[in-house]
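What follows is a single structure, written as structure tokens, with notes after it.
Hydrogens, waters and symmetry mates play no part in the numbers below; they use all other heavy atoms, side chains included. We count ligands from 1, going down the list as the structure has it; atoms in each ligand are counted the same way. On a predicted model such as this, the values are computed, not experimentally measured, just so you know.
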Amino acid sequence: MNNAAQELRERLNTITDMHIAIGLLHWDQQTYMPKGGIAMRAETIATLSNIAHRMSTDTDMLRMIDAVSDRFDTDTDDGALARLARRNFERATRLPAELVTDLARTTALAEPAWVEARSRGEWNTFAPHLFRIVELQKQVADSYGYTTHPYDALLDEYEPGATKAQLETMFDELKHAIVPLVRDITAKSDSATERARPLYNSFDEAKQEAFGRDVITRFGYDWNCGRQDLTVHPFCISFTSRDVRITTRFDKDFLQPALFSTMHEAGHAMYEQGINPTYARTPLGSGVSMGVHESQSRLWENLVGRSRAFWTYFYPRLQSVFPDAIGDVDFETFYRAVNTVAPSLIRVEADEVTYNLHTLLRFEIEVALLDGTLTIAELPEAWNAKMKEYLGVAPTSEADGALQDIHWSGGMFAYFPTYTIGNVLAVQLFDAAMTAHPTIMDEAARGEFTSLHSWLTSNIYQFGSKYEPQDLIERATGSRLNTAPYIRYLREKFGELYEL
Ligand code: ZN
């Protein structure tokens, strides 16, 4: 390694250490911090963020990046590091300080206003905040710059390289396949409530926890470099690949949330744990994009955790843990229960089939807000009309409609589509893994997941952020984002489940 590369690495180590410390403060705040600590904690985080921001954007930094880019191709680790550092530098320096402050202040006020508006189902309480946020998002997009649409500039934050035009194609293909599939299922099926009933009963929380731990241990989650704690909203957080933590929550009357969110977060965590350890404490040492990250959580949660093979091994074990609740529920009934399709109002409760219609709706609304073709006042009505069109249901209160998600109040625009990118990529990657190891599902039926875990490690995990997201996917699967395998998967799986 030459001196320029060494110098850049050391600077990036220091900055990444700062972000790791900030992450740990956030983790502590969500898990064990006493309530009284909130205000001071915010100050500490702001101080560290400021130092990290200054170190990331000074002229010295640019000099180091230039020195390394001149010498190393982006295919090398050092070249990739310089590319990422330049990207971060440009994004951080293009936003005027005034706009950053304005955004922070606006979202700080918008979040509590959203909480209040949601609890009362009152759109007008939140509307002026959202108006301000949309105006600021337009300014952010202008500052970053774009060639065709402001959405591209915002999307680049979460899914580098993806564009609004690509998302439109993706959603268009999905819409044409999924809307009729949902209609067929709804027309055909017995009551969804009846179908999902085995999941509602009394399930001791400690036993749920032990079962979930067993599942993700078998998947390959490394407890020596991880731990699980309780939070209101489950998440995964990484402080280098050697310490990747997950959280969950339990509902003693409903089996589904803890079990599947544990698999989901473990999917995120195994990705982070599998990254090349030499990338630790640099921007290379984390997952490459929100969409690719989500593909890893969805793959384990849905492709594995909602498969027949998985339950062939785990269902008898689950029955022996909860004999009173499901002892006399047969395999097929249980398998159908965990794969219940029910058009519902709430995105986070949506099943595999209907989920993408929730993100499609949000994508269309975000684009229209940025275009100026939809006003904030018209938004709830547009929301309800789209719900009716895509899912056949519409909310009676905005709390279950346009007010249900926290994202917009935090200034997160163009984030929702990454959930669907994740769903689509999950199937592409799973198919590629199956081609390489056709016995993956036979192994799953024996409670073994080594072939799948090691394929993901070799083809996705290890690279961290070294390659652009779409390049990574092409290297692993032979093609870029492609909806065809996902649509085929949905039709086959749910066609069989619903006898279509
Ligand atoms: Zn996730």
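The ring of Tyr335 has its center no closer than 6.0 angstrom to the ring center of Tyr315. Checked against the 6.0 Å centroid threshold, Tyr461 and His453 count as a close aromatic pair.
The minimum heavy-atom distance linking Trp27 with Arg227 is given by the pair CZ2-NE, 4.0 Å. Closest non-hydrogen pair, Ala432 versus Ala476, comes out as CB-O, 3.8 Å.
Protein contacts to the Zn ion (ligand 1) involving N, O or S atoms at a distance below 2.8 Å are His264 NE2, His268 NE2, Glu294 OE1.
When each of Asp77, Asp471, Asn276 is tested with Lys466 by the rule side chain to side chain donor-acceptor pair (under 3.5 Å), just one qualifies, namely Asp77.
The aromatic rings of Tyr415 and Tyr419 stand perpendicular to each other, their planes meeting at an angle above 60°, with 30° marking the opposite boundary.
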